[in-house]
Participant: 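Right, I'll just put the structure down here and ask away after.
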Amino acid sequence: MGSRTVGRGGRSLGGGLVVAVAGCLAGALTACGAGGGHGAVKPTASGAGAGASSAVAARGGTIGAPGSACRLPVTFALAKNWKPESTVPDSTGSTSSPGSTGSTGSAAPDDDLAAEITDALLHQGPVTAVCEVDAKPAGHIGFLRVWTGEPGAADARSVLASFVGAEKGVAHATYRAFTTGGLSGTEVEYRVTSEILEETKTERALAVTTPDGPVVVHLGGLDDEEHRAMLPAYELAKSTLRVTAH
């Protein structure tokens, strides 16, 4: 099984992760695998999206700084009523499953398998899922997810291409350069097809590099309609993106 997030639209990588893993094993969710395609980089004017609406959502809270729901190498504003949650495992490296008895005995084989799959699902290409912002409190079905990687020499374009390339069913990827808040990055809009659900939808993501490593911000959605409805939240995040002060 390759790197792939579960339920790009309505499934959580946080508290509902084990349930999502079970769904993936049952084949009820989008495929888990590797593959994809790449497009050419096309520079755009500062702040312009890859075919995105220029509308920006009403501002709610901010994440990224120490003390926020998700501590990140960058900070950005959240759309009003969107709820952030860290997806970083606890100090034991485990995630509690529904109905857990809290036993301290040895893990069952199924638990070991679930833990292995969970670890794989939290990684895509060179980055790891560390935060998701749930749109359901704002009336939408989808998430704005943040992924981070280790510091290195890779530029934002390379990181983003690797991220997209680790997703199965990708086509028509269009990359564009952008600048915001002193950061230069790359964003991509692409179509992804689920072989299981037999549907194709639009997703997009952006990547920037920081002294603490690369950051990818991804927007999916249950379908194209939900994706379009959530674009103003993505545009708000992009336009307010800043390196976290130390």
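For this chain, numbers begin at 1 and follow the sequence in order.
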Participant: Whether the Arg191 and Thr202 side chains hold a donor-acceptor pair (N or O, under 3.5 Å, no angle test) is what I'd like checked.
Facilitator: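 Result is yes, a qualifying pair exists.
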Participant: Go through the steps for Val127 and Val159 under the test side-chain contact (heavy atoms from CB on, under 4.5 Å), then give the verdict.
Facilitator: CA-CA 8 Å; Val127 291; Val159 170; 4.2 Å; yes
Participant: Between Ser86 and Cys131, is there a side-chain heavy-atom distance shorter than 4.5 Å?
Facilitator: no
Participant: Among His218, His227, Glu187, Arg204, exactly one meets side-chain hydrogen bond (donor to acceptor under 3.5 Å, both in side chains) together with Tyr234. Which residue is that?
Facilitator: Glu187
Participant: What pair of heavy atoms forms the shortest contact from Ala156 to Ala207, and how long is it?
Facilitator: CB-O, 3.4 Å
Participant: Does Arg242 reach the side chain of Leu183, with side-chain heavy atoms less than 4.5 Å apart?
Facilitator: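 Not touching, per the 4.5 Å side-chain cut-off.
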Participant: Would you verify whether the NZ or CZ of Arg157 falls within 45 degrees of the ring axis of Tyr175 while also being under 6.0 Å from that six-membered ring's centre?
Facilitator: yes
Participant: To the nearest 0.5 Å, what is the distance between CD1 (Ile63) and SG (Cys70)?
Facilitator: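 Spacing of CD1 (Ile63) from SG (Cys70) equals 5.0 Å.
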Participant: If every non-hydrogen atom of Glu203 is compared with every non-hydrogen atom of Gly220, which pair is closest and at what distance?
Facilitator: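 Heavy atoms of Glu203 and Gly220 come nearest at CG-CA, 4.0 Å.
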Participant: Mind listing the closest non-hydrogen atom pair of Ser184 and Thr179 along with its distance?
Facilitator: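 For Ser184 and Thr179, the tightest heavy-atom pair comes out as OG-CG2, 3.6 Å.
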Participant: For Pro73 versus Thr148, what's the shortest heavy-atom pair and its separation?
Facilitator: CD-CG2, 3.8 Å
Participant: Answer yes or no: is there a donor N or O on one side and an acceptor on the other, between the side chain of Gln124 and the main chain of Phe163, under 3.5 Å?
Facilitator: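 Side chain of Gln124 to backbone of Phe163, a donor-acceptor pair under 3.5 Å: yes, one is there.
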Participant: Once you round to the nearest 0.5 Å, how far does NZ of Lys201 lie from OG1 of Thr193?
Facilitator: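 Answer rounded to 0.5 Å: 10.5 Å.
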Participant: So how far is it from Thr186 OG1 to Arg176 CZ, rounded to the nearest 0.5 Å?
Facilitator: 12.0 Å
Participant: Are any side-chain N or O atoms of Ser158 and backbone N or O atoms of Ala154, one a donor and one an acceptor, separated by less than 3.5 Å?
Facilitator: no
Participant: Not counting sequence neighbours, which residues clear salt bridge (charged side-chain N to carboxylate O under 4.0 Å, His left out) with Asp212? List them please.
Facilitator: none
Participant: Is any side-chain heavy atom of Tyr190 closer than 4.5 Å to one of Thr174?
Facilitator: no
Participant: For Ala166 versus Gly125, what's the shortest heavy-atom pair and its separation?
Facilitator: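 Taking every non-hydrogen atom into account, CB-N, 3.4 Å.
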Participant: When you compare the side chain of Leu160 with that of Leu206, does any pair of heavy atoms fall below 4.5 Å?
Facilitator: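 Contact flag for Leu206/Leu160 side chains = no.
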Participant: Apply salt bridge (Lys or Arg N to Asp or Glu O under 4.0 Å) to residues Glu195 and Lys168 and explain how you reach the verdict.
Facilitator: CA-CA 9 Å; Glu195 295 179 0; Lys168 187 177 182 180; 3.3 Å; yes
Participant: At what distance, to the nearest 0.5 angstrom, does CZ of Arg145 lie from CD of Glu85?
Facilitator: 10.5 Å
Participant: So do the side chains of Val215 and Val146 get within less than 4.5 Å of each other, counting heavy atoms only?
Facilitator: yes
Participant: Verify, without hydrogens or angle tests, whether Thr180 (side chain) and Ser239 (backbone) share a donor-acceptor contact under 3.5 angstrom.
Facilitator: yes
Participant: Is any side-chain heavy atom of Trp82 closer than 4.5 Å to a side-chain heavy atom of Asp134?
Facilitator: no
Participant: Determine whether a donor-acceptor pair (N or O, by modelled atom type, separation under 3.5 Å) exists between the side chain of Thr244 and the backbone of Val74.
Facilitator: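 Answer holds: yes.
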Participant: Okay, side chain of Thr240, backbone of Ala77: is any donor-acceptor separation there less than 3.5 Å?
Facilitator: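 Side chain of Thr240 to backbone of Ala77: a pair is present.
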Participant: Would you call Lys136 and Phe143 a side-chain contact if the rule is heavy atoms closer than 4.5 Å?
Facilitator: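 Side chain of Lys136 against side chain of Phe143, heavy atoms only: contact under 4.5 Å found.
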Participant: Should Leu241 and Val208 count as side-chain neighbours, where that means a heavy-atom distance under 4.5 Å?
Facilitator: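 SC-SC contact between Leu241 and Val208 confirmed.
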Participant: Would you give the length of the straight line joining atom CG of Leu231 to atom CD of Glu226, rounded to the nearest 0.5 angstrom?
Facilitator: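 Output value for this atom pair is 11.5 Å.
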Participant: Where do Ala138 and Lys80 come nearest, in terms of heavy atoms and distance?
Facilitator: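 Looking at all heavy atoms of both residues, the shortest contact is CB-O, 3.9 Å.
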Participant: Counting distance only, does the side-chain N/O of Thr87 pair as donor-acceptor with the main-chain N or O of Val130 below 3.5 Å?
Facilitator: yes
Participant: Within 45° of the six-membered ring axis of Phe76 and under 6.0 Å from that ring's centre, is NZ or CZ of Lys238 located there?
Facilitator: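 The answer is no; the distance or angle limit is not met.
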